[in-house]
Amino acid sequence: GLGKSLRSTLAKVFKASRVDKELVKGLVNDLVRALLQADVQVDLVIDLAKRVEDRALNEKPPPGVTRREHIVKVVYDEVVKLLGGENVSSPVPKLGKMNVYMLVGLQGSGKTTTACKLASFYQRRGFRTGLICADVYRPGAYQQLKQLGDKAGVPVYGEPDGKDPVKIVLDGLELFRRSKRDLVIIDTAGRHKDEESLMKEVKELYEVIKPDEVILTVDATIGQQAYSQAKAFHEAVGVGSIIVTKMDGSARGGGALSAVAATGAPVKFIGVGEKLDDLEVFNPRRFVARLLG
Amino acid sequence: KELSSKELQPVLEELKLSLVRNDVAYTVAEEICSEIAEKLSGVKVGRFEDVRPLVKKTLRQVLLETLKTSYEKGFLETVKAKVSKGEPAVILFVGVNGSGKTLTIAKVGRMLLRNGFTVCIACSDTFRAGAIEQVEILAKRLGVRAIKQTYGSDAAAVAYDAVQYARAHGINVVLIDTAGRMQTRRNLMEEMRKIARVTNPDLVVFVGDSLTGNDAVNQAEEFMKYVGIDFVILTKMDADAKGGAAISISKLIGRPVAYIGTGQDLEDLEPFDPERFVDKIVV
Ligand SMILES: Nc1nc2c(ncn2[C@@H]2O[C@H](COP(=O)(O)OP(=O)(O)OP(=O)(O)O)[C@@H](O)[C@H]2O)c(=O)[nH]1
Ligand SMILES: Nc1nc2c(ncn2[C@@H]2O[C@H](COP(=O)(O)OP(=O)(O)OP(=O)(O)O)[C@@H](O)[C@H]2O)c(=O)[nH]1
Ligand SMILES: [Mg+2]
Ligand SMILES: [Mg+2]
């Protein structure tokens, strides 16, 4: 696919007899094309292209590095920079307290499935985990979480006929505190930035519960709206980390890059399927390689 | 003087980016721009005329040609025609995970009930947690029957049961809910093909998320290839979606977007209006 085009461009860089303005221009055009086809937000791509071109033409390569090698490194560096760098902070709940994580995100982005994947991930690593269904709108939301939780061997709290998510969460947290859980994961309803009452609700949940981490799920197939939607979530509740779901498909996940840029939050996991163990710790190198092709 | 490609190029480059900003897939945006260039080659323009309005006018033309893809009958007309033959109209809903199929089926059910049809829903998502309960609750809200089996049962068998049920009880329309599936999962695409083969639907509806980016192209291609698509319903247009996926999908498979989802209530389904849509994109 398009991935071949960027790889072949980089190959051209190495085969070229001289590294000149023409070659760099060609590379930058191919890079723009690759990133736009990968769903990265247009303005981010334009800014990145300017930086790459500037560095490729004007930066002196460090000693021992050829001009060509330097250019390839610049491309890689600038993209990784958008991801917040190569260091993945290992997502570990703090000992000696009941950690509370809250999942938020757009409709259908994978929150409920991811909540259970996370619960299973931590439970298998020795953290006694609990799940709370705070989605009072979606038909069958509680049943969905309960069925997944049962499979994972993780207790699920919910009030299927409840109307007040804040009350449900407080009740659930109280119950889990008594049974000495190490980690409680809260699944919330899907929402987008223009649903005023829902954005108000998630803000209220955040302020009352004060979770240790707010996790934003981002669908790998999302397009140009990723940036503004992520920004709105961040302004409402302060996103602490991102999980990119449905990375097992053909989408390159450029929307995740846009979400990172909008929130400053790192990607900690990716979802790679519908089963409970289809969760992988984020690998920036592999993600960037796939993004660029 | 004749419009030169040198003059047109920067305007088209700018246009391509604005189409991408509207979530038109990159290759589709490229194609649209080359179509405009072709339409405008050799066109005479005033010596100091700004080409932008001319490009805009041509863009509008090209987009409407894509979106107004002629299709034999409308959605409701197809249903009416089948029902008038004394047979239930079978509508199969397909799409990738989380695109909004199940809620959209309920919305379509509401619309059909309003139009005087009787409806039942087949719970052919026998895989995902809570899928059957979700349909049951929605069906109850509509006052229609949900035909189901247990989790893990054969999706095609449930769909077949529903069609038989509709025949036996004179129900006008069978709406088949299927599991979300990635277009890259061959076994799941084959399963969907089997459901279609067993139920021989009158309409196959692809339910796409309007927030989808470039993947919309590959989704539409693959679903078209495996099961054929008659109509598209684009959901979540209320989420500040620019809706470029409508253009990408119609361009690729030559099928119209029949309706758009505009919210999470059963009433939030509107007929797609290509003119109004293009007016928003071509500003
Ligand atoms: N292939 C694949 N499917 C996924 C992944 N994560 C979630 N899904 C599927 O995506 C669909 C939506 O997932 P949900 O967990 O219901 O999404 P949600 O965000 O809770 O949805 P709402 O609560 O309605 O906003 C389901 O069919 C899931 O099985 C993933 O990583 N890969
Ligand atoms: N705002 C908004 N939300 C929508 C729309 N259509 C569907 N949704 C929401 O999107 C989420 C997913 O809807 P579902 O009907 O479960 O999607 P699905 O395609 O059946 O999902 P799977 O069966 O898991 O693949 C739910 O939270 C719906 O309420 C829409 O037009 N607007
Ligand atoms: Mg959910
Ligand atoms: Mg469904």
Side-chain angles (χ1 to χ4, degrees), chain A residues 1-2 32-43 45-46 106-110 112-113 116 137-151 160 189-195 198 219-226 228-229 232 245-246 248-252 254-255 273-274, chain B residues 16-18 20-27 29-30 96-103 106 127-141 151 179-185 209-219 222 235-236 238-242 244-245 248 261 263-264:
Chain A
L2 76 94
V32 165
R33 192 167 200 276
L35 292 175
L36 288 180
Q37 272 199 277
D39 295 316
V40 183
Q41 210 270 336
V42 174
D43 300 305
V45 174
I46 292 174
L106 294 170
Q107 284 88 351
S109 58
T112 305
T113 310
C116 297
Y137 308 101
R138 177 172 159 146
Y142 170 73
Q143 291 87 333
Q144 184 184 5
L145 193 70
K146 181 81 174 68
Q147 286 169 23
L148 289 170
D150 286 348
K151 246 199 189 139
R191 71 201 74 226
H192 62 72
K193 65 179 172 66
D194 293 310
E195 286 166 324
L198 290 179
D219 189 325
T221 66
I222 193 171
Q224 292 290 313
Q225 290 305 308
S228 61
Q229 292 286 354
T245 63
K246 309 178 201 174
D248 50 306
S250 50
R252 309 173 99 84
E274 295 188 77
Chain B
K16 184 167 73 176
L17 284 185
S18 81
V20 170
R21 277 178 208 279
N22 278 296
D23 270 322
V24 175
Y26 188 84
T27 52
E30 273 186 331
V96 303
N97 305 74
S99 66
K101 297 174 293 300
T102 306
L103 180 63
F127 168 75
R128 204 210 66 211
I132 295 174
E133 287 83 351
Q134 184 184 11
V135 174
E136 285 185 304
I137 293 168
L138 288 167
K140 187 149 178 245
R141 279 188 203 167
Y151 283 102
R181 67 203 70 230
M182 291 283 171
Q183 73 276 18
T184 48
R185 290 276 312 267
D209 187 331
S210 63
L211 291 170
T212 309
N214 284 266
D215 203 48
V217 164
N218 191 245
Q219 287 178 23
E222 290 301 305
T235 64
K236 310 176 198 173
D238 52 305
D240 198 13
K242 306 305 185 228
S248 310
Q264 304 198 73

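Below, chains carry the letters A, B, ... as their sequence lines are ordered, and counting in each starts from 1.
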- A:Lys246 versus chain B, heavy atoms under 4.5 Å apart: side chain, backbone, both or neither? both
- Query: Hey, does A:Asp219 have a side-chain heavy atom less than 4.5 Å from the side chain of B:Asn97?
  - Reply: no
- Selection from B:Gly130, B:Ala239, B:Ala241 maximising heavy-atom pairs under 4.5 Å formed with chain A: B:Ala239
- Task: For residues A:Asp39 and B:Gly213, report the shortest heavy-atom separation together with the two atoms involved.
- Result: OD1-CA, 3.3 Å
- Task: Locate the shortest heavy-atom distance separating B:Lys236 from A:Gln107; write the atom from each residue and the value.
- Result: NZ-O, 3.1 Å
- Item | Region of A:Leu145 in contact with chain B, defined by heavy-atom distances below 4.5 Å | neither
- Note on the structure: Max heavy-atom pairs within cutoff under 4.5 Å with chain A, candidates B:Gln183, B:Gln134, B:Met182, goes to B:Gln134
- Measure A:Asp194 against the heavy atoms of chain B and call it side chain, backbone, both or neither at under 4.5 Å. side chain
- Part of B:Arg141 within contact of chain A (heavy atom distance under 4.5 Å): side chain
- Which atom of B:Asp215 lies closest to which atom of A:Ala251, heavy atoms considered: OD1-N, 3.7 Å
- Point-to-point distance, once rounded to the nearest 0.5 Å, from CG of B:Asn218 to OG1 of A:Thr221: 11.5 Å
- The reported gap from OG in A:Ser250 to CD in B:Gln219 (rounded to nearest 0.5 angstrom) is 7.0 Å
- Note on the structure: Ranking B:Ile137, B:Val217, B:Asp209 by heavy-atom pairs under 4.5 Å to chain A gives rank one to B:Ile137
- Could you tell me whether the side chain of B:Glu133 and the main chain of A:Gly140 form a donor-acceptor pair under 3.5 Å? no
- Query: Does any heavy atom of chain B fall under 4.5 Å from the side chain of A:Glu274, the backbone, both, or neither of them?
  - Reply: side chain
- Message: Can you tell me which portion of A:Arg138 sits under 4.5 Å from chain B's heavy atoms? Options are side chain, backbone, both or neither.
- Response: side chain
- Return the option, out of B:Thr27, B:Asp238, B:Thr235, with the maximum number of heavy-atom pairs under 4.5 Å with chain A. B:Asp238
- Among A:Gln143, A:Gln225, A:Lys146, single out the residue with the greatest number of heavy-atom pairs under 4.5 Å to chain B. A:Gln225
